[in-house]
Protein chains: 2
Amino acid sequence: MGPARQANHTDRNKRPMGKDATESRDLAAMATARLRHAGLRPTRQRVELAGLLFQDCDRHVTAESLHDEVAQAGVKVSLATVYNTLHQFTGAGLLRQVIVDASRSYFDTNTGDHQHFFLEDEGMLIDIPGEHIAVSGVPSPPAGMAVDRVDVVVRVKRA
Amino acid sequence: MGPARQANHTDRNKRPMGKDATESRDLAAMATARLRHAGLRPTRQRVELAGLLFQDCDRHVTAESLHDEVAQAGVKVSLATVYNTLHQFTGAGLLRQVIVDASRSYFDTNTGDHQHFFLEDEGMLIDIPGEHIAVSGVPSPPAGMAVDRVDVVVRVKRA
DNA sequence: CTCACAGTTTAGAACGGTTCTAATGCGTTG
DNA sequence: CAACGCATTAGAACCGTTCTAAACTGTGAG
């Protein structure tokens with residue numbers, strides 16, 4: 001599946017391309033494909049954000065950190081759109097929301113079975129693979145309730 | 001240790017007492033003792049809030065729910081004081097803060113080893129005794145970090 | 001018992017993250 | 001290419017929480 005295949009659509013939003021033009025196109029093409037697959041219209045903003053989020057390894061972002069990052073990449077995306085996009089991606093199963101801090105929402109690009117270290121001093125998350133960790137002895141939930149998810153947060157501090 | 005022992009101090013803030021005057025005094029006396037023991041000055045507001053919090057079994061409150069409750073008990077305590085008090089009690093080890101919801105803080109009167117069910121539909125917490133539940137396979141924390149606490153949240157939804 | 005000090009409470013303003021609004025922009029389909 | 005409907009945006013609104021500065025009160029000394 002070469003990136004050129006979708007070029008007729010994405011080329012319309014032309015922007016100056018440097019030496020890493022090919023990589024950029026790859027990224028955009030992959031992001032676009034991923035969005036289409038998730039049933040989301042590949043708008044300029046969503047493609048840009050998806051490119052940042054799903055480019056490398058697993059990532060943990062807040063709305064603000066992602067907004068800063070996309071701005072630093074020289075693209076203008078409103079904060080409202082970042083919020084909308086994070087929620088849409090979450091709804092589409094592309095992201096998972098992680099609740100570890102009362103005052104900020106984190107989003108995780110790793111949607112598989114895993115848990116987290118939370119570095120309270122820095123507000124930073126680190127994945128713990130699901131194979132490593134196990135929770136046993138969970139009582140059966142109250143009548144009429146079903147377990148949605150079991151979240152483990154290992155809170156660590158500077159020793 | 002009869003409640004009358006401390007009456008010379010507490011009687012100064014006299015208020016009309018109904019048929020459950022004795023119970024009320026017991027409650028207030030116990031709350032006062034608890035506060036003194038924790039190194040907190042037993043003010044009218046703190047005694048009142050401690051009375052509500054530590055009266056029965058284990059409880060889970062939010063600032064707002066506790067504020068409503070104390071108001072309904074006919075006592076006027078400002079919301080700021082409720083927040084102050086919850087934080088002071090937490091600092092003194094009388095409460096534990098539970099982070100399960102991005103938009104509200106919960107406080108738990110059970111400070112022992114245990115975990116929680118979180119009923120997402122109702123925003124309600126239920127304790128899971130520490131003996132019942134076990135987490136194994138937690139990797140060693142990043143260098144220079146020490147585990148502060150391991151939190152398990154079993155999120156349940158209406159089946 | 002009274003005084004005075006330090007810690008506490010309070011109303012209301014301020015704050016910060018998030019969501020809403022209504023107008024404009026843009027992807028898609030025909 | 002036109003037009004429809006979803007997406008984006010700036011800014012206001014929102015809401016839980018924290019801050020501020022002034023009034024109050026528990027406490028220990030005299």
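This one's a predicted model, so the numbers in the text were calculated from it and none came from an experiment. To find a chain, count down the sequence lines: A is the first, B the second, and so on, and within it residues start at 1.
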Nearest-nucleotide 5' precedence on DNA chain D, B/Leu79 against A/Thr85: A/Thr85
Provide, to the nearest angstrom, the distance between the CG atom belonging to A/Asp68 and the P atom belonging to C/dG17. 11 Å
Test side chain to side chain contact (heavy atoms under 4.5 Å, CB included) on B/Leu119 and B/Ile126 and set out the steps. CA-CA 8 Å; B/Leu119 283 57; B/Ile126 297 175; 3.8 Å; yes
Check whether any side-chain heavy atom of B/Leu35 sits under 4.5 Å from a side-chain heavy atom of B/Phe89, and report yes or no. yes
Taking atom C1' of D/dT8 as reference, at what distance in whole Å does atom CZ of A/Arg46 sit? 10 Å
When the ring centroid of A/His132 is compared with that of A/His114, is the distance short of 6.0 Å? no
Please test A/Val98 against A/Phe107 for side chain to side chain contact (heavy atoms under 4.5 Å, CB included), starting from the C-alpha separation and ending with a verdict. CA-CA 6 Å; A/Val98 184; A/Phe107 293 85; over 6 Å; no
Between B/Leu86 (CG) and D/dT17 (P), how many Å, whole number? 9 Å
Reading DNA chain C from 5' onward, which residue's closest nucleotide shows up sooner: B/Ala102 or B/Gln88? B/Gln88
Can you tell me if the side-chain N/O atoms of B/Tyr83 get under 4.0 Å from OP1 or OP2 in D/dT17? yes
Respond yes when some side-chain nitrogen or oxygen of A/Thr81 is under 4.0 Å from OP1 or OP2 of D/dT8, and no when none is. no
Whole angstrom value for the distance that separates P of D/dT9 from CG of A/Asn84: 9 Å
Does B/Lys76 put a side-chain nitrogen or oxygen below 4.0 Å from OP1 or OP2 of D/dC24? no
Can a side-chain donor-acceptor contact be found between A/Gln97 and A/Ser105 if the only test is distance below 3.5 angstrom? yes
Between P on C/dT18 and CG on A/Asp101, what's the gap in Å once rounded to a whole number? 9 Å
For every nucleotide of nucleotides 21-26 of chain C, 5' to 3': is a protein heavy atom under 4.0 Å from its base (B), only from its sugar-phosphate (S), or from neither (-)? ------
Provide, to the nearest angstrom, the distance between the OH atom belonging to A/Tyr106 and the C1' atom belonging to C/dT18. 15 Å
Do B/Asp108 and B/Leu95 come close enough that some side-chain heavy atom pair is under 4.5 Å? no
Reckon A/His87 touches a base, only the sugar-phosphate, or nothing at all at heavy-atom distances under 4.0 Å? sugar-phosphate
For B/Ser105, answer base if it contacts any base atom (sugar-phosphate contacts may also be present), sugar-phosphate if it contacts only those atoms, and nothing otherwise; contact means non-hydrogen atoms under 4.0 Å. sugar-phosphate
Expressed in angstrom and rounded to an integer, what is the separation of A/Leu40 atom CG from C/dT28 atom C1'? 15 Å
Would you tell me if any nitrogen or oxygen in the side chain of A/Arg104 comes within less than 4.0 Å of OP1 or OP2 on D/dT17? no
Report the distance from atom CD of A/Glu64 to atom C1' of C/dG16, rounded to the nearest whole Å. 9 Å
Does any donor atom in the side chain of A/Asp127 or A/His60 lie under 3.5 Å from an acceptor atom in the other side chain? yes
